[in-house]
Each structure stands twice: as C-alpha cells, then as structure tokens.
J.: 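This is the structure I have questions about; it appears just below.
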Amino acid sequence: MRGCLPMRFSLLFPMILQWAFTGSNLAVAPAPDYEGARYDYSAYTECKQQPEAPLYNGGVIKNEIPGFHEAESGSWSPSFVLVNLTAVTRYSFSCWVKIRRGATDSALLKARLSTSDGGGMKCIGTSIIKRDCWSFLKGGFVLDSPSESSIIFFQNTDGSKIIDISVASAALQPFSVEQWEMQQNNSIRTKRKRAVAIHVSDSEGNRIAGASVSVQQISRDFPFGSAIAKTILGNPKYQQWFVERFNAAVFENELKWYATEQQRGHLNYTLADEMLGFVRAHQILARGHNIFWEDPKYTPAWVRNLTGNDLRSAVSSRIESLLSRYKGDFVHWDVSNEMLHFDFYERRLGPNASDEFFAAAQKADPLATLFMNDFNVVEGCEDARSETDSYVARMRELVRGGAALEGIGLEGHFGKPDVALMRAVLDKLGTMGLPIWLTEVDIAGSFDRQMQAKYLEEVLREGFSHPWVDGIMLWTALHPNTTCYQMCLTDDDFQNLPAGDIVDRLLEEWQTRAAGGETDDHGTYSFDGFLGEYEIGVSFGNNSVETSMSLCRGDETKHLNIQLLL
C-alpha cells in the first residue's frame, strides 16, 4: 500500500448501531494557493490487491480529528471534515475503497457532500466496491457558495445490506478556475493541435529566407455536430446555417425502428434517404442512431406484442434491412440504445440478446464503429443504473460475450453541469481505451436561454479539452416555432440564440485562423495548428506553389518540405 494506512469504518444501513471507532478520521485544512497545479487524469476501473498512492500526495487532506457523521438514512458514517471550501473552485476527490466484511461481496458506494449552507446531500463520486480487492472512487464537485464547514461521507446504495469498509489513499485537490482553464488549454494544445514546420528551398536544396507563406485550415479533424430532423429538408436557410458550422450530424428520430417500420413489413426510409443525401452532398459524417431502443415506450407497437422466434425474426430483419441499405454510410451505430436503463429485448430473448445484436451489426456493416449509448452517465452520479463503474461492467460483460463493442456514447442531457465530476467520469471511462463521444448534448429547458448558454459552454469546453473524447454532438434539431428537445441554437429565422452564439464562438476559437508570414534565416516558417486539412501557399519573387497538408495527431512536430523552382 506504499506507506498508506487504510481508514476503516462501518456503513450501517438503515439502522443505527453503537460501535467503537477504530481508525482515524480526516480533516481538511483551508486550501493554500496552488500555483501551477496540474490535474491528474489517472483513473482505474480494475480492482487491485493494494491501493495506489493518493493522487496529489493527498492534496489538502490531513490525518487529524477522529469523528463521525449521521447520514441522511439515519446511519453513522465516519467522514472527511472539510473547512473553508470556496465557491466556483473545482475540487477533485479520490480514494480507494474495499469491503472489509458484510452481507454482500460487492456494493455500489456513493461519496456524498454535505455543506453548512443547507444545500442538501450532493453526490460527488461513485464506485462498485468488492470484498477481495480495492476499488478506485474518483469524483469531484463545484460549490455555488462558500461553505465554512462541510462533510464528505459514504453511502451504500442498497440500504438493506450492512457492510464494513476500508478506505485508503484519499485525496482532495482544489483548482482555481484559472488553473482548471489552464489545464484545459494545455490538453487542447497537446491533443487537438500540433506544431508544424514548413521548410522552403530551391531546386538545389538551398533554404530560402524571406519566402511568403500562407496557411488556411479548410476542415477540422475533430467531429463537432448536431442532431437534424426532417425539418432541414427543403429548407435552404436551415441547410446553409448547418453546413457553415458542423462537420457531423445525427438524425433525431428518422432512423429509429418506430419511424421506418410503423407496420410490420411496411418499410419506409424516404426521410432517412433524403437526409442522408443532404449530409453526403456536403461531406458531413453521420452517426447511425439507433438500431434498437431498449425502452419499450419507443419500440414499435407491433414489436411489443412479439415473443420468442417471432421476435427473433423481426429483429433479424431489422438489422438486415437497415444496415444492408446503409452499409458504409454511417460511421457509428448505437446498437442497443439505453441498455443500462431498459431491457426490453433481453427480457424476451435472453441475456445474450445484445451480444447477438452487436455480432449481427458488425457482420452487416464491418466498417461502422458500434457504440453503447446511455444517459445520466456523465451528467451526474445520482442515477445508480448508469453509474460509471456500472457502465464499465456492462461493456466488459458485452465484450466477454463476444460483442464487437467499439465505442462509448454519453448522451449528455445536462441540468446544471459539475465539470469536476464530469472530468472524473471521463477519466474512468477512458481506461477502457475506446472512443468516447458526447452524443446528445443539451442543457435542460428549465433554465433561461442565457443560463443554457453559460452551462453549454462549460460542458463543451470540458468535452473538447478532455483527451479521451473523440467527438461531440449537440441535440438541437430545430422544429417549427423554435421548438427543440430541450435547447435551441437559433430562432425560426436562423438568427442565433445565446447558445448558438456560444457554439459559433467556440468553433472560431477551435480552428486555426488564417496564418502566414515569412520564412526565417533557415528557410522555415512554423506555427501551431488545430488538427485537420490545410491549404498551404508559398511564394518568393515571381515563383509560387500551392499544396495541401493533413495535420493528424502526433507528439512530434509535423515537417513539410516545399520546393520552389527559381
């Protein structure tokens, strides 16, 4: 355990028991100034025989003051006592946890924060813990207002099970807003950009100083898009507005089974075909959403009445008709949507039904990346069904069953976002080594448009800067009378609303502006560019040349040699 002594305490739910506290409680000193603090993206989703050392050497946590706290369930939980927490500071929390003894071999554990302002019990992180090894809990929180005295305690989500747990290597690290943004910018610089050196020479290989170089980015590597609906068809203003911004699209409902086969055997892909024609014409990549939806409410009525072989025949026909028609057209498929929350097909076809769906989809369209996709994974940690470790466990179960699971979809229907918790969730999911996409990002319609824009910017900056996120899709398909699922980017005349202004500002920030200059004494012009496609122009005297360049991810400087015939 590398010199770390575990703290042992009991979680007793739902009863209160008298017991002797045998470990040390942890108090937290006021946060000092952390100049240049660097966020640690480390995370673990595999149980370990011994816990790792605490992140940040424990941060501001100190071993002091034994005590315990009465949790909201009426049980007692020894706790981390926190003093003088500040508003808007980003707090990263982590620890290792293990079941010491109890009535179960595994449990879902939540870390909760209680503040002196009476703001309730906030979930700040979760982990599935086990009896025979140590599990990593990573989370975080941001406060709206300062708290002189706060407590982090732990809750077993199954109140009927009494467990005794050990905790080790706890850490709490505060980051100022400036430090958090600095880390985001550093990640963007290393993961979304790359240094380029353009070397200009003559036909003899002599470097040319003072040559004029122009650089123009013509496309972005990072997929950033939005949902579209049939309302974009025959609407040139909508189409122009969309094409000027986005390089990716997903159909809101038009590919779903209830839309393409309302009656058995009566297939209608007319709308999907026309929408696909639009995105193809503008070289926009498209996600396939979805093949199946586990929620029975969104399953065709005629399918809900099927059982056994009749249902198997129907789902087989669905995969065959959909993917044979669109083979190679969609870069992703959400194979069985929201399977963490619903299980319509597995209850009727057996626990291996999803494995079979993935296998059939891969055979039908081997070039498409196959995703799980679900909600409340990255938005918070109150929903036990979509807790991070539960998502990881479900993915591993699919892989063990032979499913060709290749991508992680996070819907991202946010209320008020907590960027510290969001980053911790992405860290843990990143341990799977699979592409992560934010697939349906929006902000709840209960907020006014200015607050939606503010919160949207927080989510998009966190997503774009995170090293494991490979794409972002907004869920903002526009319908008449400025109606969207939760959040619109424009009005009906395609004038930006506040959220649309945020999107435009970030897209402008996340591309290489027109660059240019002269080569130095060594015949070199250098710049940092966002990944994507470029047009390069070089001229000297009466001689000029134009070329193109693909700037792909890499740790080394990209070198481009250009020769002028003088």
J.: Does CD in Gln283 sit with more than 12 non-hydrogen atoms of other residues, nucleotides or ligands closer than 6.0 Å?
T.: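 Atom CD in Gln283 is not crowded, with 12 or fewer foreign heavy atoms closer than 6.0 Å.
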J.: Quick one: which residue pairs count as a disulfide bond (SG atoms under 2.5 Å apart) with a foot in residues 439-501, not counting sequence neighbours?
T.: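 Pairs touching residues 439-501 that pass the test: Cys484-Cys488.
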J.: Count the heavy atoms belonging to other residues, nucleotides or ligands that lie under 6.0 Å from CG of Asp493, then report whether that count exceeds 12.
T.: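 Yes, because the 6.0 Å sphere around CG of Asp493 holds more than 12 heavy atoms from other groups.
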J.: What is the ring orientation for Phe141 with Tyr91, classed by angle as parallel under 30°, tilted 30 to 60°, or perpendicular over 60°?
T.: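 Rings of Phe141 and Tyr91: parallel, under 30°.
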J.: Centres of the Phe464 and Phe224 rings: under 6.0 Å?
T.: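 Here the rings of Phe224 and Phe464 have centres that are no less than 6.0 Å from each other.
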J.: Quick one: do the Glu535 and Ser548 side chains pair a donor with an acceptor below 3.5 Å?
T.: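 There is no such pair between these side chains.
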J.: For Arg245 and Ser226, does a side-chain donor sit closer than 3.5 Å to a side-chain acceptor?
T.: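 The criterion, which ignores hydrogens and geometry beyond distance, is not satisfied for Ser226 and Arg245.
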J.: Testing the basics here: between Gly401 and Asp355, what is the closest heavy-atom pair and its distance to 0.1 Å?
T.: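 Of all heavy-atom pairs spanning Gly401 and Asp355, the closest is CA-OD2, 3.5 Å.
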J.: Considering only distance and modelled atom types, tabulate donor-acceptor pairs under 3.5 Å from the side chains of residues 370-381, sequence neighbours left out.
T.:
unit_1, atom_1, unit_2, atom_2, d
Asn373, OD1, Thr439, OG1, 2.7
Asn373, ND2, Asn337, OD1, 3.0
Asn373, ND2, Glu440, OE2, 3.2
Asp374, OD1, His341, ND1, 2.6
Asp374, OD2, Met339, N, 3.3
Asp374, OD2, Leu340, N, 2.8
Asn376, ND2, Asp383, OD2, 3.0
Glu379, OE1, Asn376, N, 2.9
Glu379, OE1, Val377, N, 3.0
Glu379, OE2, Asn376, N, 3.2
Glu379, OE2, Gly412, N, 3.1
Glu379, OE2, His413, N, 2.9

J.: Testing the 3.5 Å rule here: is there a donor-acceptor pair between the side chains of Tyr326 and Asp273?
T.: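 Per modelled atom types, Tyr326 and Asp273 side chains form a pair under 3.5 Å.
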J.: Under 4.0 Å between a Lys/Arg side-chain N and an Asp/Glu carboxylate O for Asp221 and Arg553?
T.: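 Arg553 and Asp221: not salt-bridged.
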J.: Closer than 4.0 angstrom, basic N to acidic O: yes or no for Arg505 and Glu508?
T.: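 No, this pair does not count.
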J.: Without swapping roles, check the side chain of Asp40 against the backbone of Ser42 for a donor-acceptor pair under 3.5 Å.
T.: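 Yes; at least one donor-acceptor contact below 3.5 Å.
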J.: Any donor-acceptor pair under 3.5 Å linking the side chain of Arg194 with the backbone of Glu556?
T.: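 Judged by distance alone, yes, a pair lies under 3.5 Å.
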J.: Taking 4.0 angstrom as the limit, do Glu346 and Arg394 come out as a salt bridge?
T.: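 Salt bridge: yes.
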J.: Answer yes or no: is there a donor N or O on one side and an acceptor on the other, between the side chain of Ser313 and the main chain of Asp310, under 3.5 Å?
T.: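 Side chain of Ser313 to backbone of Asp310: no pair is present.
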J.: Would you please name every residue forming a side chain to side chain donor-acceptor pair (under 3.5 Å) with Arg348, sequence neighbours left out?
T.: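 Applying side chain to side chain donor-acceptor pair (under 3.5 Å) to Arg348 gives none.
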J.: Could you tell me if Arg312 and Asn309 have a donor-acceptor pair between their side chains, going purely by distance under 3.5 Å?
T.: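 Distance-only check fails for Asn309 and Arg312.
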J.: Taking atom NZ of Lys230 as the centre, does the number of heavy atoms from other residues, nucleotides or ligands within less than 6.0 Å exceed 12?
T.: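 Counting other residues, nucleotides and ligands, NZ of Lys230 stays at 12 neighbours or fewer.
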J.: Can you list the residues that meet the ring pair (Phe, Tyr, Trp, His ring centres under 6.0 Å) rule with Phe278, with sequence neighbours excluded?
T.: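 Partners of Phe278 under the ring pair (Phe, Tyr, Trp, His ring centres under 6.0 Å) test: His282.
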J.: Between the side chain of Arg192 and the main-chain N/O of Thr190, is any donor-acceptor distance below 3.5 Å?
T.: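 Not a single qualifying donor-acceptor pair exists.
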J.: Any idea how Trp475 and His289 line up, ring-wise: parallel (<30°), tilted (30 to 60°), or perpendicular (>60°)?
T.: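 It falls in the perpendicular class, over 60°.
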J.: Given 3.5 Å as the limit, does a donor-acceptor pair link the side chain of Gln183 with the main chain of Tyr39, or not?
T.: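 Between the backbone of Tyr39 and the side chain of Gln183 there is a qualifying donor-acceptor contact (under 3.5 Å).
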J.: Is there a donor-acceptor contact under 3.5 Å from the side chain of Gln511 to the main chain of Gly532?
T.: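 Answer holds: no.
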J.: Tell me if the CD atom of Glu546 is crowded by more than 12 foreign heavy atoms within 6.0 Å.
T.: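 No - once you tally the heavy atoms of other residues, nucleotides and ligands closer than 6.0 Å, there are 12 at most.
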J.: Between Tyr238 and Thr490, do the side chains contain a donor N or O and an acceptor N or O under 3.5 Å apart?
T.: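 Note: Thr490 and Tyr238 side chains miss the donor-acceptor criterion.
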J.: Going by atom types alone, do Trp293 and Glu338 pair a side-chain donor with an acceptor below 3.5 Å?
T.: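 Side-chain D/A pair, Trp293 to Glu338: present.
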J.: With a 4.5 Å heavy-atom cut-off, do Ser354 and Phe292 have their side chains touching?
T.: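 Not in contact.
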J.: Apply side chain to side chain donor-acceptor pair (under 3.5 Å) to Thr299 and list each qualifying residue two or more places apart in sequence or on a separate chain.
T.: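 Partners of Thr299 by the side chain to side chain donor-acceptor pair (under 3.5 Å) criterion come out as none, since no residue qualifies.
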J.: According to the salt bridge (Lys or Arg N to Asp or Glu O under 4.0 Å) rule, which pairs have a member within residues 459-473, sequence neighbours left out?
T.: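 Checked against salt bridge (Lys or Arg N to Asp or Glu O under 4.0 Å) - neighbours excluded - the pairs reaching residues 459-473 are Arg423-Glu462, Glu457-Arg461, Arg461-Glu509.
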J.: If we ignore angles and hydrogens, is there a donor and acceptor under 3.5 Å between the side chains of Asn481 and Thr483?
T.: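 No.
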J.: Looking just at side-chain N and O atoms, do Glu294 and Ser336 make a donor-acceptor pair shorter than 3.5 Å?
T.: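 A donor-acceptor contact under 3.5 Å links the two side chains.
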J.: Carefully, step by step, assess Trp333 and Ile319 under the rule side-chain contact (heavy atoms from CB on, under 4.5 Å).
T.: CA-CA 11 Å; Trp333 281 106; Ile319 295 175; over 6 Å; no
